[in-house]
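So you know, we letter chains A, B, ... as the sequences are listed, proteins then strands, and number each from 1. Please read all numbers here as calculations on a predicted model, not as lab measurements.
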Amino acid sequence: MSLDLAIREGISKAFASLYSFELASAEVALQETRKEFEGSFTFTTFQFAGRVKKRPDELAQELGDFLKENVDEVEDYNVVKGFLNIVIADSVWLKTFNSILKDEQFGSHPSNGQTVMVEYSSPNTNKPLHLGHLRNNFLGYSISQVLKANGYKVVMANLINDRGIHICKSMIAYLRFGGNKTPEEYGKKGDHMVGDFYVRFDQEYKSEIEELIVEKRNEYPALDSVEDLKARKKEIEKKGKKNELSAEEREQLNAIKELFNRAEKEAPIFLEAQDLLRKWEAGEPAVYDLWKKMNGWVYAGFEDTYKRIGVSFDKYYYESDTYLLGKDLVMEGLEKGAFYKKEDGSVWCDLTNEGLDEKLVQRGDGTSVYMTQDMGTADLKYKDFTLDKSIYVVGNEQDYHFDVLKRIMKRLERPYAEGIYHMSYGMVDLPHGRMKSREGTVVDADDLVDEMVQTAKQRTDELGKIDGFTEEQAEKLYHQLALGALKYFILRVDPKKRMVFNPEESVDFQGDTGPSIQYTFARISALLRKGKEDGVAFENIDLSAYNGLEAQERDVIVALSNFPKVVADAGRNYAPSEVASYAYDLSRVFSRFYAELPVFKAEPEVIAFRLALSSAVAKVIEKAMNMLGVEVPERM
RNA sequence: GGUCCAUUAGCUCAACUGGAUAGAGCAACUGCCUUCUAAGCAGUAGGUUCCAGGUUCGAGCCCUGGAUGGAUCACCA
């Protein structure tokens, strides 16, 4: 029985026998005692005081007496106002530590027989991965590991968006300007090369729009450039927000908008891209081959990046296979009365009684929309793996979409509907604002990793601690540190929140950072190496009879004992950040122990105990960091 | 305009889901390498938790109203 469970049961019994008051042990809320008070667990009595007709401090006192008397684990207690601080005997902590040592699976929960799919990454094949994708990939990979530790069977899936107008844009630009070159000839990774052509399309498109506007803009002789027109448009729109538009201005705004719209729709390169999409959908061989070829380049590039950032997938889905799915669900929904058809033949799901809008699930012409496709894909995933839960790691701009998806699947009575969870995360901002590809403020994932590796190398060289490393070992270390810094920096933040990525800060390796935790592991590894060299037996030893526990050592054991709960909470809350902050806490508690208590200048028994303690910390740090997708080096 | 989300130290983030004097790191300042790795440890300083009300023994957290920033409300994906 775990320690906190024993105490919760004790409190429950105390209430029953002292006051005939029923409080299930599961309902007993224990918190960690704040460090300025003595004790390990705190029970707050205020909310119960009235119900058992006692003053809070009086109640705490009586509960404390009962616990001290009846619960073996409780050595002592103290009461501050209504707070009952429970002191645990060192022998109990040692017993706890002993069972941690023996438990190879410590922190991992046994299989719960459930299967969960985590869909993440899900890139478009028209441009390389950037900083925003990194948050997605790190979160997806990490939550998968956390769920595995919670006893789920996890399928990591990547739904690749490999079709649509955006890919056609890259294709058109390649046809026009690509000179039939391969990525090798072009001198870039495949994904970057295709991304270049996507940008090229945009440039071309813009200049064609401008040409068209210049041609047709005779209505505005006073304005002589497209920039002027845009500025004028903005100005009027701003006024419009305050409802101060004159009829003339409104007319002018509409005219400008119309002008832009027409130009956007009539630009030759855009028409070509649309035409290409039609040809692709018709399966025209030449178009299809080009599409395959270019996607192949992109995939090779992605695989390379995935490998570098240490994420992987068990299953790939391609939108070119799934984009027509879901039509049978539309039929089913109509039959079940979950959907209805409008006069024009379009099919809708009415969610107004749930406080949402009506949602289109099929166009009037019978073709699918995004939602249709996602409905079908959800069903496909279930058919493939019989999922209990389905997690979508997707940015919070799609909160509404997934809210609707879940409700629709519930109306279609899908068994997995309740298990759909949108792991929504906030955007990654740069210190000067959000990333905008058009303004060139996108941080490319590959470049970022390169820079981080450079920084790691530089930092390591400055410290000069890795003499004797082969080049290969050194490269590996730089990579581990770079990714450790990057992943930790991103994962320590609550996923739901928007975060600021400051390139200068993220390369910091001191303080609350990945490398500083990795450093703790490296130091422990050094201790253990020395222990082994000295022939100290510290593995598989029984320490239940050890005495003379120091405060710093007890703090380490307490921190260790929290690990299983942290893993469970992180899984329940879908929050890798909780694992990250735990890893840092543990690392700090250990560092304090390390700084204040020497390991090898002690009695043999103490040496063995401290080495065992250190090795347990190393194992937990490794497990926790691995859950974040971070590797830990034995030397740095 | 409707809906949803955010706002905590100069900066980046926490706060165990309503508990004690709101904590860390960075930046600044003090100490600690002749002792197991100083990428560390100990300390000083830094707060009207956006504002105004409310709920209760107790509110950063819940409720109401407002401010600021963002997302979304496509027969785009």
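Side-chain atoms of A:S581 and base atoms of B:A24 include no donor and acceptor less than 3.5 Å apart. The base of B:C75 lies close enough to the side chain of A:D344 for a donor and an acceptor atom to sit less than 3.5 Å apart. Contact of A:N573 with B:U17 (side chain to base): a donor-acceptor pair of N or O atoms is detected under 3.5 Å. At a cut-off of 3.5 angstrom, the base of B:A14 holds no donor-acceptor pair with the side chain of A:D585.
The CG atom of A:D403 sits 11 Å away from the C1' atom of B:U72 (whole-angstrom rounding). B:C41 atom C1' lies 8 Å from atom CZ of A:R523, rounded to whole Å. Counting to the nearest Å, the C1' atom of B:C76 and the CG atom of A:L360 are 12 Å from each other. Atom NZ in A:K496 sits roughly 10 Å away from atom C1' in B:C5 (whole-Å rounding). As a whole-Å value, the separation of A:R588 CZ from B:G23 C1' is 10 Å. Between A:E596 atom CD and B:C36 atom P the separation is 16 Å, expressed in whole Å. Between A:D569 atom CG and B:A15 atom P the separation is 11 Å, expressed in whole Å.
Look at A:R34 and you'll find a side-chain N or O under 4.0 angstrom from OP1 or OP2 of B:A20. OP1 or OP2 of B:C73 has not a single side-chain nitrogen or oxygen of A:K359 nearer than 4.0 Å. Remark: A:S577 is not in phosphate contact with B:A14, judged by side-chain N or O atoms under 4.0 Å from OP1 or OP2.
Here A:T460 lies in heavy-atom contact (under 4.0 Å) with a base. The residue A:L277 sits apart from the nucleic acid: no heavy atom pair falls under 4.0 Å. Contacts of A:T44 with the nucleic acid, taken as non-hydrogen atoms under 4.0 Å apart, include base atoms. Contacts of A:D467 with the nucleic acid, taken as non-hydrogen atoms under 4.0 Å apart, are absent. Among the protein residues, A:V500 comes within range of the sugar-phosphate backbone only, with heavy atoms under 4.0 Å from sugar or phosphate atoms but none that close to a base. A:S424 comes within contact range of no nucleotide atom at all, as no heavy-atom separation falls under 4.0 Å. Note on A:E578: nothing from the nucleic acid sits closer than 4.0 angstrom, heavy atoms only.
Residue-nucleotide stacking is not present for A:Y584 and B:A24, judged by a side-chain ring centre under 5.5 Å from the six-membered base ring centre and planes under 30° apart. Both geometric conditions, a ring-centre gap below 5.5 Å and a plane tilt below 30°, are fulfilled for A:F37 over the base of B:A20. Taking the 5.5 Å centre cut-off and the 30° plane limit, the aromatic side chain of A:F46 is not classed as stacked on B:G58.
Taking atom P in both B:C11 and B:C50, the straight-line distance is 13 Å, to the nearest Å.
Between A:F201 and A:Y198, the ring planes lie parallel to each other; the angle is under 30°, not in the 30° to 60° tilted range.
Mapping A:L481 and A:R592 onto RNA chain B via the closest heavy atom, the residue that lands nearer the 5' end is A:L481.
Pairing for B:A6 is with B:U68, a Watson-Crick or G-U wobble pair whose two hydrogen-bonding atom distances lie under 3.5 Å.
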